[in-house]
Engineer: 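One structure is given below, represented as structure tokens, and several questions about it will come after.
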Amino acid sequence: MNYYTELKNILDSHESFTITSHVNPDADAICSEIACFLLLERMNKKVKIINHSPTPDNLKFLDQNDYVELYEPGKHDDYIMNSEVILFLDLNGIGRTKSMENILRKSGAKKICIDHHQEPENCFDLMLVETDAAATGEILYDFIKSTNITEIDYQIALQLYSAIMTDTGSFRYERTSPKIHAIAGELLEKGVNPTDVYDKIYNQTDLNNLRLLGKAISGINTALNGRLAYMVITQADLRQYGAKESDVDGFVTHCMAVKNVVVGLLFLELEDGIKISFRSKGNIKVNKLAAEFGGGGHINASGARLYDKDIDTLVYNVIRQAQKYIGD
């Protein structure tokens, strides 16, 4: 029995489900959740999407029916405890659910991980983890097509296309394969408008956020003979422009636009710690660099979150450790 068949059997044979994803969800997380919700709803299952973090403003058009609920212990703990199955989408460790971690671990529900990140936590009853996939949305597409569990209509196609488009960097990252383009073409045939999706996700930015981006770009520095570029955003910067953590998603990619740069870093100062975003080109494994600071992710795109650290010292230490991955 392959994993797709096993997952289908679990969905068929259980009645109540909780769907969740990682802190500060991106489009792949949100859209994969909603695609699963729609699938289970059509199967007449009892299902809720419950997240630690609110949905970013630029993704709310994908959830016009407010399927995604923000976690409240008094409102959701009983539901989670009574769920027969918990689906963890686009994350490889329960700790990434933050405030929900304890109740999710405590629940006796069958726990299923559907993800494309490396080195998943060994705590799931079923792991449908495909590290070669460009997005969790791609895995869900393959699952639906392989099992014929439901039709991919416009509603599901919109979610899957948005997940894949964003996690491939608008079809420009290394995992953008002929297969991905074929999938995207099929989803567009269901009525998805690629211009409209791109515009709503990327071209509806608050003016203050653009100003914050401008400041971040103007503050880009390079190191290691121009092979590494990094930017630092402080709490003072966030307050000045009325921004929040999710507003800086994607800023790190501008570091990668600097000529000769092969590693880009973003250091974001939070109220309770520091978030680092890592990006790289080619075979430079920034997931290994991130792991040295308690993080992880993909070979070319990873992250870490640290607490009780001085940001200047952390910048110095990360760049110093990056030397061995970049080389001379």
Side-chain angles (χ1 to χ4, degrees), residues 1-22 28-50 67 79-80 82-94 96-97 104-105 107-164 167-168 175 177-187 189-190 298:
M1 182 188 300
N2 64 33
Y3 289 139
Y4 289 164
T5 301
E6 187 174 354
L7 175 58
K8 181 179 185 298
N9 289 343
I10 290 171
L11 301 188
D12 282 335
S13 61
H14 294 80
E15 297 302 321
S16 58
F17 297 79
T18 293
I19 300 172
T20 193
S21 189
H22 55 79
D28 192 23
I30 293 292
C31 294
S32 296
E33 289 182 303
I34 295 175
C36 277
F37 179 95
L38 294 171
L39 186 159
L40 289 166
E41 189 178 54
R42 293 173 187 180
M43 297 173 70
N44 296 314
K45 306 296 184 178
K46 184 178 180 182
V47 56
K48 286 182 181 290
I49 302 172
I50 307 170
Y67 296 132
Y79 182 85
I80 293 170
N82 291 321
S83 292
E84 294 176 326
V85 178
I86 301 173
L87 297 172
F88 296 86
L89 298 175
D90 198 46
L91 84 170
N92 59 2
I94 296 178
R96 298 206 65 209
T97 62
L104 291 170
R105 290 192 187 278
S107 173
K110 188 177 292 291
K111 298 176 176 66
I112 299 173
C113 174
I114 305 175
D115 185 38
H116 63 135
H117 297 90
Q118 296 182 340
E119 300 175 356
E121 180 183 356
N122 186 23
C123 63
F124 301 102
D125 298 290
L126 173 66
M127 291 192 291
L128 209 172
V129 178
E130 299 180 4
T131 58
D132 290 335
T136 301
E138 179 188 353
I139 299 171
L140 290 176
Y141 169 88
D142 287 341
F143 167 67
I144 293 171
K145 296 292 285 188
S146 174
T147 61
N148 292 313
I149 195 168
T150 192
E151 175 191 0
I152 297 180
D153 60 5
Y154 169 78
Q155 284 186 306
I156 290 181
L158 173 63
Q159 304 301 329
L160 298 181
Y161 177 85
S162 301
I164 292 169
D167 248 33
T168 57
R175 291 182 181 175
S177 62
K179 176 192 172 187
I180 282 292
H181 281 293
I183 292 172
E186 180 180 333
L187 298 175
E189 288 177 351
K190 302 297 183 179
H298 301 296

Engineer: Roughly how far apart are Ile86 CD1 and Ser16 OG, rounded to 0.5 Å?
Structural biologist: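 It comes to 9.5 Å.
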Engineer: For residues Ala135 and Ile164, report the shortest heavy-atom separation together with the two atoms involved.
Structural biologist: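 Between these two residues, the closest heavy atoms are CB-CA, 4.1 Å.
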Engineer: Quick check for you: to the nearest 0.5 Å, what is the distance between Ile144 atom CD1 and Leu39 atom CG?
Structural biologist: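 Here the rounded value is 5.5 Å.
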Engineer: By side-chain hydrogen bond (donor to acceptor under 3.5 Å, both in side chains), which residues pair with Ser83, not counting sequence neighbours?
Structural biologist: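 Applying side-chain hydrogen bond (donor to acceptor under 3.5 Å, both in side chains) to Ser83 gives Thr18.
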Engineer: Return the set of residues passing salt bridge (Lys or Arg N to Asp or Glu O under 4.0 Å) with Glu41 (not counting sequence neighbours), or none when no residue passes.
Structural biologist: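 So Glu41 forms no salt bridge (Lys or Arg N to Asp or Glu O under 4.0 Å) with any residue.
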Engineer: I'd like to check the salt bridge (Lys or Arg N to Asp or Glu O under 4.0 Å) partners of Arg105; sequence neighbours left out, ordered by chain and number.
Structural biologist: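 Only Glu101, Glu121 meet the salt bridge (Lys or Arg N to Asp or Glu O under 4.0 Å) criterion with Arg105.
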Engineer: Given Ser32, which of Ile30, Asp28, Ile34 fulfils the side chain to side chain contact (heavy atoms under 4.5 Å, CB included) condition?
Structural biologist: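 Considering Ile30, Asp28, Ile34, a side chain to side chain contact (heavy atoms under 4.5 Å, CB included) with Ser32 is found only for Asp28.
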Engineer: Main chain of Phe88, side chain of Thr20: is a donor-acceptor contact present, judged purely on distance under 3.5 Å?
Structural biologist: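 No, Thr20 side chain to Phe88 backbone: no donor-acceptor pair under 3.5 Å.
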Engineer: Within this structure, what is the CZ-NZ distance for the pair Phe17 and Lys46, rounded to the nearest 0.5 Å?
Structural biologist: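 So the gap between those two atoms works out to 12.0 Å.
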Engineer: Please set out all donor-acceptor pairs under 3.5 angstrom arising from side-chain atoms of residues 153-160, sequence neighbours excluded.
Structural biologist:
unit_1 : atom_1 : unit_2 : atom_2 : d
Asp153 : OD1    : Arg42  : NH2    : 2.9
Asp153 : OD1    : Gln155 : N      : 3.3
Asp153 : OD1    : Ile156 : N      : 3.2
Asp153 : OD2    : Arg42  : NH2    : 2.6
Gln159 : NE2    : Leu62  : O      : 3.0

Engineer: Can you tell me if Asp115 uses its side chain to pair, donor with acceptor, with the backbone of Leu91 under 3.5 Å?
Structural biologist: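 It does hold such a pair.
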Engineer: May I have all residue pairs that pass salt bridge (charged side-chain N to carboxylate O under 4.0 Å, His left out) and include part of residues 133-144, sequence neighbours excluded?
Structural biologist: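 Of all non-adjacent pairs touching residues 133-144, those that pass salt bridge (charged side-chain N to carboxylate O under 4.0 Å, His left out) are Glu138-Lys179, Asp142-Lys179.
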Engineer: Taking all non-hydrogen atoms of both residues into account, name the closest pair between Val47 and Phe37 and its distance.
Structural biologist: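 Heavy-atom minimum between the residues: O-CE1, 3.5 Å.
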Engineer: Applying salt bridge (Lys or Arg N to Asp or Glu O under 4.0 Å), can you list everything that pairs with Lys111, at least two apart in sequence or on another chain?
Structural biologist: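 Per chain and number, Lys111 pairs via salt bridge (Lys or Arg N to Asp or Glu O under 4.0 Å) with no residue.
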Engineer: For side chain to side chain donor-acceptor pair (under 3.5 Å), just list the numbers for Glu130 and Tyr3, CA-CA rounded to whole Å, side-chain angles, deciding distance to a tenth of an Å, and then say yes or no.
Structural biologist: CA-CA 11 Å; Glu130 299 180 4; Tyr3 289 139; over 6 Å; no
Engineer: Classify the ring geometry between His298 and His116 as parallel (under 30°), tilted (30 to 60°) or perpendicular (over 60°).
Structural biologist: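 Plane angle between 30° and 60°, so tilted.
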Engineer: Just wondering, do Asn92 and Gln118 contact through their side chains at under 4.5 Å, heavy atoms?
Structural biologist: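 When only atoms from C-beta onward are counted, Asn92 and Gln118 do not touch, as no gap falls below 4.5 Å.
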Engineer: For the backbone of Ser21 and the side chain of Arg96, can you confirm whether one donor and one acceptor N or O come within less than 3.5 Å of each other?
Structural biologist: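 Side chain of Arg96 to backbone of Ser21: no pair is present.
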Engineer: Does any N or O in the side chain of Lys45 come within less than 3.5 Å of the main-chain N or O of Asp12, such that one atom is a donor and the other an acceptor?
Structural biologist: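 Side chain of Lys45 to backbone of Asp12, a donor-acceptor pair under 3.5 Å: yes, one is there.
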Engineer: Taking Leu104's backbone N and O only, do any of them form a donor-acceptor pair with Ser107's side chain (distance below 3.5 Å, no angle check)?
Structural biologist: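 No, Ser107 side chain to Leu104 backbone: no donor-acceptor pair under 3.5 Å.
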Engineer: Of Ile149, Thr147, Ile112, which is the lone residue that meets side chain to side chain contact (heavy atoms under 4.5 Å, CB included) with Leu7?
Structural biologist: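 Of the listed options, the one satisfying the test is Ile112.
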Engineer: Between atom SG of Cys31 and atom CG of Leu89, what is the distance when rounded to the nearest 0.5 Å?
Structural biologist: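 Atom-to-atom, Cys31:SG and Leu89:CG are 11.5 Å apart.
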